[in-house]
Amino acid sequence: MENQLKNAVVAAVEQLYGSAPDQSQITLQKTKKEFVGDWTLVTFPLLKLSRKNPAQTAQEIGDYLKENVSIVADINVINGFLNIVLKQGSWLDTLGKMDADANYGLVPVTENSPLVMIEYSSPNTNKPLHLGHIRNNLLGYSLAEIMKANGYKVIKTNIVNDRGIHICKSMLAWQKFGAGATPESVGKKGDHLVGDYYVAFDKAYKEEIKALMADGMSEDDAKKNAPLMLEAQEMLRKWEAGDAEVRALWQTMNQWVYDGFDETYKRMGVDFDKIYYESDTYLVGKEKVNEGLAKGLFFTKEDGSVWADMTDQGLDQKLLLRADGTSVYMTQDIGTASLRFQDYPINKMIYVVGNEQNYHFQVLSILLDRLGFEWGKDLVHFSYGMVELPEGKMKSREGTVVDADDLMDEMIGTATEISKELGKLDGMSQEEINAICTTIGLGSLKYFILKVDPRKNMTFNPKESIDFNGNTGSFIQYTYARIQSVLRKAAELGEVALGDVSLNEKEVALISTLASFPEVVKQAGKEYSPSLIANYTYDLVKEYNQFYHDYSILKEENEAVRAMRIVLSRNVAKVIKQAMALLGIGVPDKM
RNA sequence: GGUCCUGUAGUUCAAUGGAUAGAAUACGAGUUUCCUAAACUUUAGAUCCGGGUUCGAUUCCCGGCGGGACUACCA
């Protein structure tokens, strides 16, 4: 509809003023509520072509449209804004078409669709997931769904940082203080158990530092020479050397963590098509760097360390291999990229990683490009801001981290309480109650996080953010459930078909909002922005609730109008469900 | 110091360079014999400061001021 109008305006301008306008000169937007009309053309950019004042230009173009375009019913001009009223029939057509399309708003994926790989989550294996990971996971999953909806093949991937000094710390602490504890023996999720020992290490380590400093050692020296740290480093060396005992423990404890993560992922509703482990990729990275070195892309310093010179790009020199030949973060990412490239014909790579790593990805992009990866140059770092608490940043050492599992428990718990208070759960089985309250609790959490522009830092107030009224996930879910209830009753009346009826203002507004869904999906894909989908859905739902409040659906006496309202309602529900699916949020049939 | 991100009602968030800057919350005032009141209606409240470009700037550019991140042989 929008395109049809756009083309008509181009034709009008060409007819009237002799030359065709540029696409960028045509500003067509939805008419604001205060004015009469459906679409508004801003005429200012066209004045150069018309050589007339705004009002005149608008009037002339408007007259032409009214005369020559079948879907235009009427026009009015205010201050150089040309408001266009569309014919009722065209709205009914639009509604009919979307009603017939089960995949409304989605671009089908074909064999020739480009392949985009999305990396997200990427946890360390020494502690459980927290609120920051939740934002990452939700964004990554949603982005994948949005890209699919835009006709891309999508591979979701995860790089697990399973090796290094951090996991050795947990292992060491477990050996020393664990007394053989396992997730089963203490009845705790594996990731939490391993995280406990990471904390235990840190605590004991700090005490050692304090003691050494009391004996007169400087802080830096104390940190380096604390026995626990030396032991952890020794353990890492043994790991690198393939020491059987260390490797066995490493495998056991990592497996505990994976089992714990799996549970959390599953509950959160996110998944991966392919998981990479740093322990498998860091050696490939070393190889790649050495190849690059042989090709003269990198250089060696006197101590034997390998560097990339990025000064021609306005960046610094970047270390790729330490003097002892061991790898760093960048080396690993090069290796992972290399493996991925071998495994899949990647056209586009998106990394969902926090904005504190902007520099890293700037460098990685240049390095991959130099090493000959086709997608290296325009890899996308989907960079998102941090989640802060009202009192500031989360700090694991200070115990202010909001744990992912706890938070989900809390959300579901609150949803259950509120549902009970409202008497919504009467007569339901326990199973049904659990399913519904989980959907609601998680839906609110997800929506809360995804509705915010990803680039921005956001504040999460555990007390206040758990809200189920207003611009929230449950508001949207509630509306969906309400429509389902209407549709269930409508089904008893039999099949409905769209006839020729006249539409009221709210109905037109609703169809108009529904009609823009495909455009919103496209936009969200172009800008990598789940928040666009979230905010669109909220607008749609708010509009529907007003309509629902003002007009009856099933009790409407005019049969044709009733049928139209039922069709309208089921399409609102369809779009809500689809849009929420793009965010990874489920919708209940009742609540 | 340098690079990047960011600054909108008390608070949490919106606004392809377009009309009187939208919502939600919290605060006032209302709506249930009627399809689910987790809803709806309504009062009040905001673009950090100074320049520039433009018919028009919350948006783009420059300069301040405030917040954050990065600038590790940690990942």
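Just so it is clear, the values below take in all heavy atoms, side chains as well, and ignore hydrogens, waters and symmetry mates. A note on names: the letters A, B, ... follow the listed sequences, proteins ahead of strands, and every chain is numbered from 1. Quick caveat: nothing in here was measured; it's all calculated off a predicted structure.
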Does the ring centre of Tyr258(A) sit less than 6.0 Å away from the ring centre of Phe261(A)? no
*Are the aromatic ring centres of Phe361(A) and Tyr351(A) under 6.0 angstrom apart?*
yes
So, Gln523(A) and Tyr536(A): side-chain donor and acceptor under 3.5 Å apart, yes or no? no
To the nearest angstrom, the CD-P distance between Glu388(A) and rU11(B) comes to 15 Å
**Prompt:** Under 4.0 angstrom, heavy atoms only, what part of the nucleic acid is Thr479(A) near: base, sugar-phosphate, or nothing?
**Reply:** nothing
The correct set of residues in residues 552-569 of chain A placing a heavy atom under 4.0 Å from RNA chain B is Ser552(A), Ile553(A), Leu554(A), Lys555(A)
Practice task
Using a 4.0 Å heavy-atom cut-off across all strands, classify Phe468(A) as base, sugar-phosphate, or nothing.
Solution key: base
Discussion item. Classify Asp453(A) by what it touches in the nucleic acid, base, sugar-phosphate, or nothing, heavy-atom distance under 4.0 Å.
Written reply: sugar-phosphate
Please produce a list of atom pairs where a protein N or O lies less than 3.5 Å from an N or O of nucleotides 69-72 of chain B.
none

Considering every strand and a 4.0 Å limit on heavy-atom distances, what is the contact class for Tyr551(A): base, sugar-phosphate, or nothing? base
To the nearest angstrom, the CG-P distance between Leu450(A) and rA14(B) comes to 12 Å
Fill in: Centroid separation Tyr538(A) to Tyr447(A) less than 6.0 Å
no
Using a 4.0 Å heavy-atom cut-off across all strands, classify Ile440(A) as base, sugar-phosphate, or nothing. base
Q) OP1 or OP2 of rC35(B) sitting under 4.0 Å from any side-chain N/O of Arg488(A)? A) no
Those residues at least two apart in sequence (or on a different chain) that pass ring-ring contact (aromatic ring centres under 6.0 Å, His included) with Tyr359(A) are none
Just by distance, with hydrogens left out, do Thr125(A) and Asp162(A) show a side-chain donor and acceptor under 3.5 Å apart?
no
Check: Using the benzene-type ring in the case of Trp, are the ring centres of Phe382(A) and Tyr120(A) under 6.0 Å apart?
Finding: no
- Query: Are Tyr277(A) and Tyr282(A) close enough that their ring centres sit under 6.0 Å apart?
  - Reply: no
Here the pair of heavy atoms bringing Cys437(A) nearest to Ser419(A) is SG-OG, 4.0 Å
Quick one: are the ring centres of Tyr329(A) and His360(A) less than 6.0 Å apart? yes
Exercise for review: With ring-ring contact (aromatic ring centres under 6.0 Å, His included) as the test, would you mind laying out the steps for Tyr544(A) and Phe547(A) before giving the verdict?
Suggested key: CA-CA 5 Å; Tyr544(A) 183 83; Phe547(A) 160 76; 5.6 Å; yes
Any side-chain N or O of Arg455(A) less than 4.0 Å from the OP1 or OP2 oxygen of rC13(B)?
no
**OP:** Write down the distance separating the C1' atoms in rU32(B) and rU41(B), rounded off to the nearest Å.
**Re:** 14 Å
Atom CG of Asn457(A) and atom P of rG7(B) are separated, to the nearest Å, by 11 Å
Hits for salt bridge (Lys or Arg N to Asp or Glu O under 4.0 Å) against Arg237(A), two or more places apart or cross-chain, chain-then-number order -> Glu234(A)
All N/O pairs under 3.5 Å across the protein-nucleotides 16-26 of chain B interface:
{"from": "rA19(B)", "atom 1": "OP2", "to": "Lys32(A)", "atom 2": "NZ", "distance (Å)": "2.9"}
{"from": "rA19(B)", "atom 1": "N6", "to": "Thr40(A)", "atom 2": "OG1", "distance (Å)": "2.7"}
{"from": "rA19(B)", "atom 1": "N6", "to": "Asn83(A)", "atom 2": "OD1", "distance (Å)": "3.1"}
{"from": "rA19(B)", "atom 1": "N1", "to": "Asn83(A)", "atom 2": "OD1", "distance (Å)": "3.3"}
{"from": "rA23(B)", "atom 1": "O2'", "to": "Tyr538(A)", "atom 2": "OH", "distance (Å)": "2.8"}
{"from": "rA24(B)", "atom 1": "OP1", "to": "Lys542(A)", "atom 2": "NZ", "distance (Å)": "3.1"}
{"from": "rA24(B)", "atom 1": "O2'", "to": "Asn471(A)", "atom 2": "N", "distance (Å)": "3.4"}

Between Tyr548(A) and Tyr329(A), whichever has its closest RNA chain B nucleotide further toward 5' is Tyr548(A)
Separation between CG (Asn535(A)) and CD1 (Ile533(A)), nearest 0.5 Å, reads 10.0 Å
rU20(B) and rA46(B): how far apart are their C1' atoms, nearest whole angstrom? 15 Å
Of the candidates rU41(B), rG7(B), rA38(B), the side chain of Gln546(A) sits closest to rU41(B)
All heavy atoms of Glu543(A) vs all of Ala509(A), minimum pair found to be OE2-CB, 3.6 Å
**Request:** Decide whether Ser365(A) and Gln362(A) meet the rule of one side-chain donor and one side-chain acceptor closer than 3.5 Å.
**Result:** no
Per the 3.5 Å Watson-Crick/G-U criterion and a run length of at least three, the stems involving RNA chain B are B:1-7 with B:65-71, B:10-13 with B:22-25, B:28-31 with B:39-42, B:48-52 with B:60-64
| message | Over all strands shown, is Ala481(A) touching base, sugar-phosphate only, or nothing at heavy-atom distances under 4.0 angstrom? | response | base
On RNA chain B, more 5' by nearest nucleotide between Asn545(A) and Lys451(A) is Lys451(A)
- Query: Any side-chain N or O of Gln362(A) under 4.0 Å from OP1/OP2 of rU3(B)?
  - Reply: no
- Query: Base, sugar-phosphate alone, or nothing: which one does Met458(A) contact when heavy atoms must sit under 4.0 Å apart?
  - Reply: sugar-phosphate
